[in-house]
Every structure is written in structure tokens, then in C-alpha cells.
Amino acid sequence: VAMAHLAWRLAQRWCQSSLQVISFPVVQLHLNRTAMRASQKDFENAMNQVKLLKKDPGNEVKLKLYSLYKQATEGPCNMPKPGVFDLINKAKWDAWNALGSLPKETARQNYVDLVSSLSSSLESSSQVEPGTDRKSTGYETLMVTSEDGITKIMLNRPTKKNALNVEMYHEIMHALKAASKDDSAITVLTGNGDYYSSGNDLTNFTDIPPGGVEEKAKNGAILLREFVGCFIDFPKPLIAVVNGPAVGISVTLLGLFDAVYASDRATFHTPFSHLGQSPEGCSSYTFPKIMSPAKATEMLVFGKKLTAGEACAQGLVTEVFPDSTFQKEVWTRLKAFAKLPPNAMRISKEIIRNREKEKLHAVNAEECSVLQGRWLSDECMNAVVNFLSRKSKL
Ligand SMILES: CCCC/C=C/CC(=O)SCCNC(=O)CCNC(=O)[C@H](O)C(C)(C)COP(=O)(O)OP(=O)(O)OC[C@H]1O[C@@H](n2cnc3c(N)ncnc32)[C@H](O)[C@@H]1OP(=O)(O)O
């Protein structure tokens with residue numbers, strides 16, 4: 001028995017050491033290959049992986065990724081140097097230019113390595129809210145699902161408090177157009193994370209096109225008019241599920257929803273004067289009608305922040321729920337609404353909305369035109385610079 005045991009242990013040790021000898025060079029060979037050259041496929045995979053990162057890796061890393069991407073795809077920096085006041089483009093130019101004549105292949109490899117290190121250190125967005133099939137949405141800034149007769153459009157930039165960047169404006173318009181044609185009975189807008197939305201992404205102001213700030217303001221007004229127009233024209237019952245604080249345009253738009261349900265954690269803030277701006281989302285018309293001109297002035301002109309209870313008392317919010325039971329209670333109610341005959345709901349909404357539609361479009365056009373001017377004002381520019389420098393974005 002002892003001899004057999006010894007033979008067995010020797011055989012085990014031989015196997016282990018042989019495996020080490022055999023496997024080591026194989027792994028080493030593999031590592032050498034990948035360390036030498038990342039394929040175009042690896043590069044594309046890395047680019048896709050970047051889009052899935054849920055946590056923002058920070059400006060420094062983003063600049064590094066940008067510069068390596070440009071170097072890998074275009075070679076050494078070939079852009080004219082941006083002006084000193086074009087801060088964002090200047091930072092990008094500096095980062096790219098600093099790579100000098102680094103070969104494209106090396107830049108590609110460095111990009112792949114950097115993304116790989118980020119993916120392992122940062123949580124990836126494959127861990128999205130349970131029950132959501134991300135692949136089926138195809139959106140970068142939203143999660144859109146459709147079940148139980150409800151299309152849910154969820155703002156999905158929780159690390160930025162669901163601030164609306166330009167891409168998100170476009171994606172919301174796209175999602176609303178799709179929802180207006182799908183077979184759901186009602187559509188819901190809500191936010192992922194602790195905020196409903198912090199309003200317009202103030203970094204939208206930093207990406208200045210070649211035509212300068214005037215062109216930027218003009219494009220902003222065109223985008224805003226089209227965006228708000230989608231809410232005015234939306235044909236089905238549109239419900240806001242306000243899961244947390246709401247700021248700016250995410251508040252003003254509520255006047256165009258058919259019902260607004262809020263958690264008691266939600267607040268409603270339109271700090272337009274503080275930002276040197278003026279009301280949008282048709283709020284200059286809807287708010288005085290909903291809550292009286294004086295109450296609307298307190299919010300839209302003096303920037304008074306309302307609690308959910310106050311917003312409900314003033315008619316902006318339909319009903320408030322305790323945060324602990326908010327999701328359960330609201331979705332139970334919405335599922336019941338969604339079982340009602342969809343055509344009847346659509347026609348009833350049409351009757352209510354049609355009387356106001358022309359007026360709302362006119363108000364929208366006027367608000368956008370006034371805002372276009374405001375965006376060029378010193379008051380607005382100073383407020384945006386203050387926010388961005390507080391957050392070290394400049
Ligand atoms: C083209 C159409 C234009 C339509 C115009 C609409 C007008 C408006 O909507 S005006 C309202 C604009 N919004 C604001 O003024 C809100 C600005 N944000 C804040 O005051 C605060 O961030 C907050 C009170 C919402 C939250 O403060 P808190 O201390 O809890 O969190 P932060 O650390 O500040 O935020 C986390 C993260 O998110 C970024 N962020 C939040 N809101 C915005 C925003 N509106 N624009 C850009 N970025 C935003 C913030 O910078 C932080 O990012 P980092 O982690 O990278 O620092």
C-alpha cells in the first residue's frame with residue numbers, strides 16, 4: 001500500500017511539473033504575441049468596450065484615449081492648433097500633439113491596453129438595471145424597454161445626474177418617435193439613479209463649432225425647438241415618473257406631460273436667472289396656467305426650488321409617493337392605466353392637446369429665440385464658466 005501511495009504521489013508531482021513546463025511557454029508565447037501587436041479587431045473591440053464603461057474614467061484618461069485613438073487612426077496630429085479660449089479642443093489638441101510621431105501600431109496597442117486596464121478597474125455597464133436588455137435598446141444615453149403596454153424611456157447617465165447632453169436630446173426624440181408608433185398604450189419618462197435629471201448638460205456649451213459661439217447658440221435653439229416640439233406633438237399619454245431631484249429643462253417639460261408622479265425625495269428647480277438664462281419647454285405659458293402667474297414667477301424668475309409636496313400643491317405634480325414604495329405603487333398604477341383601450345386614450349389626449357397645440361408651438365419658438373440671445377450674454381457665459389470651473393472641467 002505504501003509503495004502504491006508513493007508511486008501515486010510521484011506521478012502527481014510529475015504531472016504537475018510537466019504541465020508547468022508545457023503550459024508556461026504556451027502562455028508566454030501568447031502574451032508575447034498580444035504584447036507585440038493588437039489587431040484591428042482588438043482595437044474595434046476596445047472601442048466598443050469604452051462605450052460600455054459605466055463609470056466616467058475622468059478627463060485625463062478620456063484625453064489619453066482620445067489622443068491614442070486619433071494617433072492610431074490618423075497618425076501624428078494634423079489639426080491646426082485651436083485658439084486659447086477654445087479650451088476643450090485645445091486640451092484635445094495638446095494631448096494628441098504630445099504623442100509626436102508615435103507609430104500607429106503602438107498607439108493602437110496602447111489604446112487596447114489602456115481600455116483593458118480600465119475595464120478591469122471600472123464597473124462596466126453590462127451591470128445595468130435588472131430586467132433591461134441593453135442590446136435591444138441601441139441607445140447610448142437611454143434605456144428603453146417596452147412591456148405590459150408601457151414604453152419606458154429611462155435617462156441613463158446616472159453618474160452625471162442624467163444631465164442632457166446633445167446625444168441624449170437626439171436619442172430622446174428618437175425614442176419618442178418610436179414610442180408614438182409602437183404598440184404600447186402609454187409612454188413613461190424616468191431617470192436611472194438618484195436624480196430624475198439635472199437638466200441641460202452644461203458642458204454642451206464648451207464644444208464650439210468653427211462658426212463660433214453665435215453658430216453654437218443658433219444650433220442650440222434649433223435643437224431645443226425640435227426637442228420640445230416632440231413633447232408638444234406626442235400623441236399618447238405621456239407620464240413622468242420623477243424618481244429624484246429635477247432641474248432646468250427636465251422640470252419645465254413637465255408642463256407638457258399628461259401626468260407627473262413624484263417620489264417625496266424629488267425636488268423641482270429652475271435656476272434660470274442664476275444661469276443668465278430664460279424659461280423653455282413652454283413653461284412661460286404652461287406654468288402660469290398651472291400654478292398662477294405669481295407662483296410661476298417664484299420658480300422661473302427667482303429660481304425657487306419646490307419640494308415634491310409643494311409642486312403637487314401647485315398642480316405641477318399629480319401625486320407624491322413615499323420614496324420607499326414609490327416604484328412599486330407607481331408601476332402598479334401605470335400597468336392598470338396601460339390596460340385601458342389605447343385608441344380611446346389617444347383620442348381623449350388629442351382633444352385636450354389640440355386646442356393648445358398651435359399656441360404651444362408659437363411659445364416654443366419664441367422661448368428658443370429668446371434663449372438663443374441669452375446664451376450669448378455675459379451673464380450666461382459667466383454662470384457656465386463658474387459651474388465648469390467649480391467642477392474642474394476647464
Ligand atoms: C440645447 C438645449 C438647451 C436647453 C436648456 C435648458 C436649461 C437648463 O436645463 S438649465 C439647468 C442646467 N443645470 C444645472 O444648472 C445643474 C448643474 N448641476 C448642479 O448644480 C449639480 O451638479 C447638482 C445640484 C445637479 C448635483 O450636485 P451634486 O453635488 O450632488 O453632484 P455633482 O458632483 O455636482 O454631480 C455629479 C457629476 O455630474 C455632473 N453634472 C451634474 N449636473 C450636470 C449638468 N447639468 N451639466 C453637466 N454636468 C453635470 C457634475 O459635473 C459631476 O461630474 P463629475 O463627477 O465629472 O465632476
Side-chain angles (χ1 to χ4, degrees), residues 53-63 88 122 141 155-173 191-209 213 215-231 242-256 265-284 287 299-301 303 305 364-365 367-377 379-394:
L53 294 173
K54 197 170 182 184
K55 282 194 188 151
D56 190 323
N59 289 341
E60 208 174 310
V61 174
K62 282 194 282 193
L63 279 174
I88 303 285
L122 297 174
T141 65
L155 309 178
N156 190 29
R157 298 182 72 215
T159 57
K160 298 289 174 190
K161 309 290 182 194
N162 297 323
L164 281 86
N165 61 8
V166 172
E167 189 176 20
M168 199 190 264
Y169 285 110
H170 285 289
E171 291 196 343
I172 293 172
M173 288 193 279
N192 190 14
D194 61 341
Y195 260 65
Y196 175 66
S197 168
S198 61
N200 187 38
D201 189 317
L202 295 174
T203 65
N204 287 341
F205 288 100
T206 58
D207 187 14
I208 307 295
V213 283
E215 188 185 330
K216 179 84 202 167
K218 189 170 156 225
N219 293 343
I222 292 169
L223 174 63
L224 180 61
R225 187 169 170 186
E226 192 189 349
F227 178 72
V228 174
C230 287
F231 285 82
V242 186
N243 53 297
V247 186
I249 188 163
S250 72
V251 177
T252 56
L253 281 175
L254 296 175
L256 295 173
R265 227 174 34 77
T267 52
F268 299 82
H269 193 201
T270 48
F272 297 131
S273 300
H274 301 73
L275 292 167
Q277 297 185 35
S278 50
E280 22 56 3
C282 295
S283 58
S284 62
F287 278 29
M299 276 194 88
L300 299 175
V301 181
K305 191 197 279 188
N364 182 25
E367 287 178 347
C368 292
S369 153
V370 172
L371 249 182
Q372 184 177 337
R374 284 279 84 211
W375 286 330
L376 296 172
S377 70
E379 287 179 346
C380 176
M381 286 189 192
N382 289 340
V384 171
V385 167
N386 277 347
F387 175 79
L388 296 179
S389 39
R390 179 170 70 88
K391 293 290 171 190
S392 312
K393 297 286 188 301
L394 292 178

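In each ligand, atom 1 is the first atom listed, and ligand 1 is the first ligand listed.
Every atom of ligand 1 with a heavy atom of G199 under 4.0 Å away is listed here by number and element: 9 (O). The contact set between ligand 1 and A163, taken as ligand atoms under 4.0 Å from a residue heavy atom, comprises 43 (C), 44 (C), 45 (N), 46 (N). With ligand atoms numbered from 1 in the order given, ligand 1 contributes 10 (S), 11 (C), 12 (C), 15 (O) to contacts under 4.0 Å with heavy atoms of L275.
The residue from A246, G220, A217 that puts a heavy atom closest to atom 1 (C) of ligand 1 is G220. Comparing E226, E280, K161 by heavy-atom distance to atom 28 (P) of ligand 1, the nearest is K161.
Only backbone heavy atoms of T159 (N, CA, C or O) come within less than 4.0 Å of ligand 1; its side chain stays farther off. When heavy-atom distances to ligand 1 are checked against a 4.0 Å cut-off, W375 comes that close only through its side chain, counted from C-beta outward. At a 4.0 Å heavy-atom cut-off, ligand 1 does not touch F227 at all.
Side chain of N162 to backbone of R157: a donor-acceptor contact under 3.5 angstrom is found. Within the 3.5 Å criterion, the main-chain N or O of G281 finds a donor-acceptor partner in the side chain of E367. In this structure, the side chain of R374 does not engage the main chain of L275 through any donor-acceptor pair within 3.5 Å. Side-chain N or O atoms of K216 include one that pairs as donor or acceptor with a backbone N or O of D207 at under 3.5 Å. Panel note: side chain N243, backbone G193; a donor-acceptor pair is recorded below 3.5 Å.
Polar contact check, Q277 against ligand 1: no nitrogen or oxygen pair lies under 3.5 Å apart. For the pair N200 and ligand 1, the shortest N or O to N or O distance falls below 3.5 Å. Geometrically, ligand 1 and S198 share a nitrogen or oxygen pair separated by less than 3.5 Å. Considering backbone and side-chain atoms alike, L202 places an N or O below 3.5 Å from some N or O of ligand 1. Considering backbone and side-chain N/O atoms, I249 comes within less than 3.5 Å of an N/O atom of ligand 1.
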- request: Applying side-chain contact (heavy atoms from CB on, under 4.5 Å), run through I208 and E215 and close with a yes or a no.
  value: CA-CA 8 Å; I208 307 295; E215 188 185 330; over 6 Å; no
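Checked against side-chain contact (heavy atoms from CB on, under 4.5 Å), A217 has the following partners two or more places apart in sequence or in another chain: Q372, W375, L376.
Separating the SG atom in C368 from the CZ atom in R225 is a distance of 7.0 Å, to the nearest 0.5 Å.
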Acceptor/donor pairs from residues 246-256 side chains to any protein atom, 3.5 angstrom cut, sequence neighbours excluded:
{"from": "S250", "atom 1": "OG", "to": "S197", "atom 2": "O", "distance (Å)": "3.3"}
{"from": "S250", "atom 1": "OG", "to": "V247", "atom 2": "N", "distance (Å)": "3.1"}
{"from": "S250", "atom 1": "OG", "to": "V247", "atom 2": "O", "distance (Å)": "2.8"}
{"from": "T252", "atom 1": "OG1", "to": "I249", "atom 2": "O", "distance (Å)": "3.2"}
{"from": "T252", "atom 1": "OG1", "to": "E280", "atom 2": "O", "distance (Å)": "3.4"}
{"from": "T252", "atom 1": "OG1", "to": "E280", "atom 2": "OE1", "distance (Å)": "2.5"}

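Using a 4.0 angstrom heavy-atom cutoff, N204 does not count as in contact with ligand 1.
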